[in-house]
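One structure below.
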Amino acid sequence: MSSEHGQNKPPAPTPPGGEQLALIRDTVRKAKVPRAKPRTWRGAALAERLPVARVLVDKGPVHLDKLWDYAVPAELDADARPGVRVRVRFGAGAGNVREGRREGGGLLDGYIVERVAETDYKGPLAAIAQVLSPEPVLSPALLALCRAVADRYAGSLADVLQLAIPPRSARAETASPTPALPPPPRPEPGSWTRYPAGPGFLDALARGGTPRAVWTALPGPHWPTELATVIAATLASGRGALAVLPDGRSAARVDAALTALLGPGRHTLLTADAGPHERYRRWLAVRRGSVRAVVGTRAAMFAPVQDLGLVAIWDDGDSSHSDDNAPRPHARDVLLLRAVQERTGFLAGDLSRTVETAQLLENGWALPLEAGREQVRAAAPLVRTVSDGDLARDPAARAARLPSLGWRALREGLLRGPVLVQVPRRGYVPRLACERCREPARCPHCVGPLEAADADTLRCGWCGRGAHPWHCPSCGGNRLRATVIGARRTAEELGRAFPGMPVRTSGRDHVLDAVPDQPALIVATPGAEPVAEHGYAAALLLDGWALLGRPDLRAGEEALRRWLDAAALVRPQGEGGAVVIVAEPTLSPVQALVRWDPAGFAARELAERAQLGFPPVSRMASVSGPASAVAELLESLELPPDAEVLGPVPVPPAEQGRPRRAGETPAKRGRPEPEEPWERALLRVRPGSGAALAAALKSAQAARLVRREGPPVRVRVDPPDIG
DNA sequence: AGCACGCCGACT
DNA sequence: GTCGGCGTGCTC
């Protein structure tokens, strides 16, 4: 009975009597699973010390978001340490003492959170079925962090653990741990001397301090090395450091800078493209303390760095810092929680500045790390604006829709090196606008945004009605600004305007990392701009109105961020670097670019948000789903007294997202519900009540799930797209 | 989520 | 008299 139908599995330990039934069931159910079969341990002796394990079940519905007590068999005593992955039987009947009957209940994965002497549970404990691996992957610090993240985002601990702990790869665990290298010597400040507070910040880190700063990086190629220097200074104190970057490209640049600074062996790169096995191997090396510094993309925000001394984030305004999976935590906020919980230094670095980091400065939690005006002038290109009505007289330039100033900048730049042309992504433009006054075109029936269904048809993005003869309600114009011309067509047109000049494009599908230092036109969409070896000679930022016209609270902030990112790749003004932006010169993001003043812009933006009661000054959450389900959830919410409910309003079909998992039939009463229109409500609380709001949402959501009330409702704390 | 227990209608 | 509907509640 110990062989399982010829499968070449290791022989089962001889079970105590009366267990055949369970073995047979497992064999029949999943004969292909090559795992050691879990035992039921009935009658087995328990561990002598601390025979109770408190287990967090990894998957399952939200209301399982609590600890369960299991007995620890003596045989598993040594391996069943806090933090290890285990399998437990869970479900009705599992503990039922109808002898010899069921050993039922499914096997679920989980983690031992602690070992204790006694249980509060009145009833017989089931035993842990199996210790999957003796590797303690869930440390107390990681658990505390994940709990805090789950609370902040009204999500379940199990969901957060899934983001924080990579899937196991048994092979990776067998590698013998290498001892950590000794702390490196304290690094030279290098280009940090351009910032008055820079050397002091490095010094504080190197001496074991925990300074907190918002760093507005000077334009140019130095920031990866500067970030690496900050990490090296923290390592010099004998502590670890963690830096999170928005994409693999920028993470690789900082990784390379660290290698140049420290050589190999003291740091590791944690990004998705390493593959699951390699990722787990590196993660383990970090957890085991072999490697003290981590550079990575957002999943690295949970990296179990030992004795963490600094957490850093680069470009926190980039949307890829929001995780895709529930509860969709933002790397900046996770790192802020870590900085507080693990008492570390904090650095948010950026060429621009978000309102969130502006708020850290305003309330005094962090200090600014900024260069003086003369350093900015020395590093930044000359920025000029041109309104796009002003078309060049040159026929080739007219054909490429270039204003004269832009045309000149391109022509002169190309004499001295590569020139960057930034074009908003096609499809990035959410709505049409009046050609004359730029007033967004709205549906005459429901005020939704109008879209161009095809060349000649207008349709409302919300209600779907057509709006054929359109007139601008504010200026009476009847011509619409259509779509943005995409990168590829822009490249074709520029190629005709500059015959013989090489034209390359970099966009979503094929992103260029770098371009050589030769005259060429580089057409790129925002975020995909290649680095030029010695900087671009010039840049032309086209169709600024498209970035600014997005119906989003962050449109201005985001546009400025995109422009600064591109303009920072251009040579300094003193070396002839020039930027021309095609946009309305009076708009404040445009002016902030011309003055190279992201800090001032963010401060004004923050003040405005405070005035309007918008995040991050207040905290918001969105609740969306079928109208009746949203209404029920709102009804059952026990909100803090200062909470406001905005809406609900209809959700345009395009934003409803994919339907929930298949096989879920909302109609249980036989009465098939018609697919109900979706609604979204926003909840808003004053500063300080964010935790109460999240707690209220979490318990209302849990109550719904426990009672299986209708279709699920999507809850999101800090929704990114409030317009 | 599963899966039991439990309390009311039409069937061999 | 039972079989079985799915409402309610628990799972260490």
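Convention: sequence-line order gives letters A, B, ...; per-chain numbering from 1. Atoms considered below: every heavy atom in the structure, side chains included; atoms not considered: hydrogens, waters and symmetry mates.
Counting to the nearest Å, the C1' atom of dT11(C) and the CZ atom of F90(A) are 4 Å from each other. As rounded to whole Å, 17 Å separates atom P of dA1(B) from atom NZ of K66(A). In this structure, R89(A) atom CZ and dC10(C) atom C1' are separated by 18 Å, rounded to whole Å. Computed from coordinates, the D65(A) CG to dC12(C) P distance equals 17 Å when rounded to whole Å. In this structure, CG of D120(A) is placed 11 Å from C1' of dC12(C), rounded to the nearest angstrom. Remark: C1' of dT11(C) and NZ of K122(A) are 14 Å apart, rounded to the nearest angstrom. In this structure, CG of D159(A) is placed 13 Å from P of dA1(B), rounded to the nearest angstrom. Taking atom OH of Y121(A) as the reference point, atom C1' of dC12(C) lies 5 Å away to the nearest angstrom.
Taken to the nearest 0.5 Å, the CG atom of L639(A) stands 8.0 Å off from the CG atom of L634(A).
Checked against K698(A) for a side-chain contact (heavy atoms from CB on, under 4.5 Å), the options L693(A), V717(A), D151(A) give a single hit: D151(A).
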* Audit row: V311(A), E342(A), side-chain contact (heavy atoms from CB on, under 4.5 Å) steps and yes/no -> CA-CA 10 Å; V311(A) 290; E342(A) 299 177 50; over 6 Å; no
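Counting heavy atoms from C-beta on, the side chains of L633(A) and V715(A) come closer than 4.5 Å.
Using a 4.0 Å heavy-atom criterion, one finds that Y70(A) contacts the sugar-phosphate atoms exclusively.
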